[in-house]
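What follows is a short report on a single structure.
For clarity, every value in this text was computed on a predicted model and none was experimentally measured. Note: hydrogens, waters and symmetry copies are ignored here, and every other heavy atom, side chains too, is used.
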Amino acid sequence: MNLKNKILLVIKPILFLLSSGLLIQFVTAEEYRPAGTIYYSAKTEEKLIALTFDDGPHKFRTDEILDTLEKYDVKATFFVVGAMAHDNPDIIRRELRLGHEIGNHTYNHTKMRKLSQKRLIEELESTENELYEIAEYRPKLFRPPEGWCSDMIASAVGSIDYDVILWNIDTLDWAHNEVDKICESVIERVKPGSIVLFHDFVTGESPTVEALEKIIPILQSQGYRFVTVSELINEGAS
C-alpha cells in the first residue's frame, strides 16, 4: 500500500464521523459562535481567568466561598442545581448581589448519558424557571453534570440559546484532593483564558475554601484578573 492510500485509510473514518455528527467538538473562543458551542477555555492574551463552582448552592459552604471571593474582590460563575437553588434562594440572591454569574447545571444533577433531548431541555427550563422565580434571572450558560457532552446535548441546549461551558483545569476538590495539590495544579497549569473547575458542594470535608485562600493571592500577584465566564468568552471573541 502506498503512502497516499495509507493516509486515506486514516482520514476516511474521521471524515465519516465528522459528517455524521459523532465527534464532539471542543473549541476555544476565537469568535463568539452561535448558541450550543462547547467551550473549555477562551483565547485571549490578557491575564484573565474564570473560576467556576458546580453543584450548589450549599447551605453554608457556598457562603464561605462567597466570603472568600468578596475578600479578594473576585468575580466567579456558579453552575447551580435547580433543586439546590429552590432550597437555598437567599444564597442565589447573594451571588447575584455580589456581581457573580449563575449558570445552569440541570435541576436534579441528572446523568447526561441517560437523558433524551426532550428531558434535557425540561431539566434546563425547570432550573431556569426556578432562578427566575427567585431572582428574575435567566442563565444562558450550561455545564453538564460530570462534564459529559455530545453533539446531541450541544444541539439541544443551543436550541434554547445556551452555550456549553466545560473547563481546562479540574481541581478535583470533589474527590478531596489535598489543598497543596490543588494549588500546585492550578498555579502550574493556568494560562490566560483558563476556566477552572471547583465545587461549592462537596460531600464530607471540603478543601475548596482553603485552596482559594492560597491560589487567589498568588495569581493576583502574577497579574491575573478573575472574571465571569461570559466576560472571558466575550474577551476571547473580541
Side-chain angles (χ1 to χ4, degrees), residues 14-44 48 50-56 76-85 92 95-96 100-170 193-197 227-238:
I14 296 174
L15 293 175
F16 169 76
L17 289 172
L18 286 170
S19 65
S20 61
L22 295 176
L23 285 184
I24 301 170
Q25 183 183 19
F26 298 94
V27 298
T28 56
E30 295 183 8
E31 59 184 31
Y32 199 75
R33 302 173 189 266
T37 299
I38 304 170
Y39 296 98
Y40 64 88
S41 65
K43 184 177 181 181
T44 178
L48 303 176
L51 301 182
T52 65
F53 299 88
D54 287 10
D55 298 353
T77 300
F78 290 82
F79 288 93
V80 307
V81 175
M84 298 292 288
I92 294 293
E95 289 172 347
L96 294 173
H100 300 296
E101 180 176 37
I102 292 178
N104 197 324
H105 201 44
T106 73
Y107 197 86
N108 296 296
H109 203 268
T110 308
K111 292 184 182 298
M112 294 291 97
R113 295 173 181 84
K114 299 181 178 180
L115 286 189
S116 65
Q117 182 168 324
K118 179 182 176 182
R119 184 72 185 105
L120 171 60
I121 291 174
E122 289 174 352
E123 283 273 334
L124 268 66
E125 289 181 339
S126 293
T127 300
E128 184 174 327
N129 292 337
E130 188 72 55
L131 291 171
Y132 190 81
E133 184 174 340
I134 292 170
E136 296 188 351
Y137 183 90
R138 293 195 183 278
K140 286 304 171 188
L141 302 179
F142 170 61
R143 174 168 286 162
E146 302 177 351
W148 197 89
C149 195
S150 67
D151 280 354
M152 183 279 286
I153 291 171
S155 175
V157 302
S159 72
I160 53 173
D161 201 28
Y162 276 82
D163 284 313
V164 179
I165 308 299
L166 298 176
W167 58 85
N168 67 326
I169 299 177
D170 186 352
S194 285
I195 297 175
V196 186
L197 171 63
V227 297
T228 65
V229 168
S230 287
E231 290 173 313
L232 189 68
I233 289 174
N234 288 331
E235 173 62 31
S238 63

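- Checking side-chain atoms of E125 against main-chain N and O of E122 turns up no donor-acceptor pair under 3.5 Å.
- In plain terms, the two heavy atoms of K140 and I160 that are nearest each other are NZ-O, 3.3 Å.
- Under a 4.0 Å N-O distance rule, the pair R143/D54 qualifies as a salt bridge.
- The two residues G147 and W167 come nearest to each other via the heavy atoms CA-CH2, 3.5 Å.
- Of all non-hydrogen atoms in G56 and M84, the two that sit nearest each other are O-CB, 3.5 Å.
- None of L51, I195, V196 except one satisfies the side-chain contact (heavy atoms from CB on, under 4.5 Å) rule with I169; the exception is V196.
- A donor-acceptor pair is defined here as one N or O able to donate and one able to accept, closer than 3.5 Å; no such pair exists between the side chain of Q117 and the backbone of A156.
- Aromatic ring orientation, H100 versus F78: perpendicular (interplanar angle above 60°, classes split at 30° and 60°).
- Rounding to the nearest 0.5 Å gives a distance of 11.0 Å between CG of L124 and NE2 of H105.
- At least one donor-acceptor pair closer than 3.5 Å links the side chain of E101 to the backbone N or O of V229.
- No hydrogens or angles considered: nothing links the side chains of E128 and N104 as a donor-acceptor pair under 3.5 Å.
- Taking CZ of F142 as the reference point, atom CD1 of I153 lies at 6.5 Å (rounded to 0.5 Å).
- Here the CZ-OG distance, from R113 to S150, works out to 10.0 Å after rounding to the nearest 0.5 Å.
- Closest approach of E130 to G82, counting heavy atoms only: CG-O, 3.8 Å.
- Here the shortest heavy-atom pairing between G193 and L232 reads O-CD2, 3.5 Å.
- In this structure a side-chain-to-backbone donor-acceptor pair under 3.5 Å is present from D163 to T37.
- Between the Y162 side chain and the P139 main chain, a donor and an acceptor come within less than 3.5 Å of each other.
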